[in-house]
Amino acid sequence: MPELPEVETTRRELEPRLVGRRVKRVVVREPRLRWPVPPELAARLEGRRITGLARRAKYLLASARGGTALIHLGMTGSLRLMSSSDPAGPHDHVDWRLDDGQCLRYRDPRRFGAMLWWEGAPARHPLLSRLGPEPFTDAFHGGWLHERSRGRRAAVKSFLMDGRIVAGVGNIYANEALFEAGIHPGRPAGRISRERYERLADAVRRILSRSIGAGGTSFRDYVRTDGEPGRYQTRLMTYDRAGKPCVRCGAALRGRIIGQRSTVWCPRCQR
DNA sequence: CTTTACGCCTGACGGC
DNA sequence: TGCCGTCAGGCGTAAA
């Protein structure tokens, strides 16, 4: 499931091979993603050069003269670079054929992802305009989490996964960061001290950094741009490990649905 | 404002 | 073996 580390891994791998290239042709085999791929995406992108590739939360932003393509990988999306002559497989919904013979190919079996075109400033896009700070910026710190959580009764895990609080933390890494910080995922967000939120902010950054360093987590569908899986799934401490021993203390990890998401924690290490 | 539930979608899995 | 029900889940949206 692509979260911030998977999207950032994709961005870093694509950037040197995509930026500066001209898009010769956009082929949309299946426009029915989360929102329909708009016809103007192909119309505007064809013939233009990609001038940059940025990330905001889990969105990739490919800029060109006159606009920006927003790409979201949803649950099962991946972007790979291959030869334009490679035959498309199942769920390969969109190709960007480039001027050097490469092809940027978007695959997404469940079609929860998106590919949109936006002609204004990216920060003004409705999907981006209300996002909270990026985890790796100075604006994200324990004091911010503490301040924003006052009066909130929802579980800290749900709070941490709220994109308006911090951008890009999804279910897997919320579980991992709370484990690392020793905080029970079900604890009401408003009842956690500033000191513990400092530890949580640090843990979020550390967990995300480690996963980016490993090329992300591949559970089912996510692959890197060369088709290889990420390596971080071998280092997950909680996710998908309910009932298994805690890597730190050996106690059996507990699992429960919190905020409609599978949640795993150690009953001894997390309070 | 916050919180909760729903739905989009396919593939994997378990039960019979 | 095959069919079918259930589940997973990012995240926008609607409703409470």
Side-chain angles (χ1 to χ4, degrees), chain A residues 1-11 29-38 55-61 70-79 88-94 106-116 118 124-132 134-135 145-177 185-192 204 208 211 216-223 229-230 233 236 238-243 255-264:
Chain A
M1 301 129 222
E3 295 190 26
L4 188 151
E6 291 72 41
V7 178
E8 180 60 22
T9 296
T10 297
R11 193 198 69 77
R29 291 182 207 80
E30 173 55 87
R32 294 177 302 166
L33 305 185
R34 171 143 204 192
W35 299 280
V37 178
R55 180 188 58 73
R56 180 76 171 106
K58 300 174 194 171
Y59 290 89
L60 282 171
L61 312 173
L70 274 73
I71 303 171
H72 198 288
L73 299 178
M75 275 283 299
T76 56
S78 61
L79 283 167
H91 312 301
D92 285 341
H93 303 314
V94 182
Y106 178 87
R107 170 177 289 188
D108 186 4
R110 292 190 189 177
R111 293 192 274 121
F112 280 10
M115 192 179 291
L116 301 169
W118 178 251
R124 303 279 180 222
H125 192 282
L127 294 169
L128 308 179
S129 63
R130 286 181 303 198
L131 287 169
E134 286 289 324
L145 291 176
H146 184 257
E147 173 195 326
R148 293 302 308 270
S149 63
R150 292 309 91 183
R152 292 215 186 197
R153 288 173 297 174
V156 61
K157 176 159 174 274
S158 302
F159 174 71
L160 193 58
M161 290 175 65
D162 184 337
R164 296 165 301 181
I165 303 303
V166 54
V169 178
N171 195 43
I172 293 177
Y173 299 108
N175 279 308
E176 296 298 303
R187 179 173 286 275
R191 298 209 189 139
I192 294 173
V204 166
L208 295 177
S211 183
T217 300
S218 291
F219 245 83
R220 292 185 181 86
D221 302 274
Y222 170 76
V223 291
Q233 58 274 17
L236 294 175
T238 59
Y239 187 78
D240 205 35
R241 294 195 66 242
R256 176 160 67 88
I257 300 296
I258 293 179
Q260 282 87 247
R261 303 286 186 278
S262 66
T263 305
V264 184

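Convention: sequence-line order gives letters A, B, ...; per-chain numbering from 1. Just the heavy atoms: all of them, side chains too, but no hydrogens, waters or symmetry mates, feed the values below. Since this is a predicted model, take the numbers as computed values, not measurements.
- Set against C:dG12, B:dT3, C:dA8, the side chain of A:Tyr239 has C:dA8 as its closest nucleotide.
- If you take CD of A:Gln260 and P of C:dC7, they are 14 Å apart, rounded to a whole angstrom.
- The distance from atom CZ of A:Arg153 to atom C1' of B:dT4 is 12 Å, rounded to the nearest whole Å.
- If A:Glu3 and A:Arg130 are placed on DNA chain C by their nearest nucleotide, the residue sitting closer to the 5' end is A:Glu3.
- When distances are taken from the side chain of A:Pro109 to each of B:dC8, C:dA8, B:dT10, the shortest belongs to B:dT10.
- No engagement by A:Ser158 is indicated, since no non-hydrogen atom pair under 4.0 Å with the nucleic acid exists.
- As judged by a 4.0 angstrom heavy-atom cut-off over every strand, A:Tyr59 is placed among residues touching the sugar-phosphate backbone only.
- Both A:Phe112 and A:Ala155 sit near DNA chain B, but only A:Ala155 has its closest nucleotide nearer the 5' end.
- The side chain of A:Arg34 contributes no N or O atom lying less than 4.0 Å from OP1 or OP2 of B:dC8.
- In this entry the distance linking CD1 of A:Ile165 with C1' of B:dC1 reads 12 Å, nearest Å.
- For the pair A:Arg164 CZ and B:dT2 P, the computed distance is 6 Å after rounding to whole Å.
- With a 4.5 Å cut-off on side-chain heavy atoms, A:Tyr239 and A:Ser262 count as touching.
- Distances shown here put a side-chain N or O of A:Ser262 below 4.0 Å from the OP1 or OP2 atom of C:dG9.
- The interatomic distance linking A:Glu30 (CD) with B:dC9 (P) rounds to 10 Å, in whole Å.
- Atom pair A:Leu4:CG and C:dG10:P shows a separation of 13 Å (rounding to whole Å applied).
- Remark: A:Lys157 NZ to A:Ile258 CD1 distance equals 6.0 Å, nearest 0.5 Å.
- Contact annotation: the side chain of A:Leu4 approaches that of A:Pro135 to within less than 4.5 Å [non-hydrogen atoms, C-beta and beyond].
- Contact between the side-chain N/O atoms of A:His91 and the OP1/OP2 oxygens of B:dC9 is not found at any separation under 4.0 Å.
- When rounded to the nearest whole Å, the span between CD1 of A:Ile257 and C1' of C:dG9 equals 10 Å.
- Backbone-only engagement by A:Arg111 is indicated by non-hydrogen atom pairs under 4.0 Å involving sugar-phosphate atoms exclusively.
- Side-chain nitrogen and oxygen atoms of A:Arg110 include none within less than 4.0 Å of the OP1 or OP2 phosphate oxygen of C:dA8.
- Note on A:Leu127: only backbone sugar-phosphate atoms sit closer than 4.0 angstrom, heavy atoms only; bases stay farther off.
- Donor-acceptor pairing under 3.5 Å, judged by distance alone, is absent between the side chain of A:Arg261 and the base of C:dA8.
- At a threshold of 4.5 Å between non-hydrogen side-chain atoms, the residues A:Asp240 and A:Val264 do not count as touching.
- The aromatic rings of A:His125 and A:Trp118 lie perpendicular to each other, with more than 60° between the two planes, well past the 30° mark.
- Between A:Lys58 atom NZ and C:dG10 atom P there is a gap of 6 Å when expressed in whole angstrom units.
- Summarising the local packing, CZ of A:Arg150 is surrounded by more than 12 heavy atoms from other residues, nucleotides or ligands at distances under 6.0 Å.
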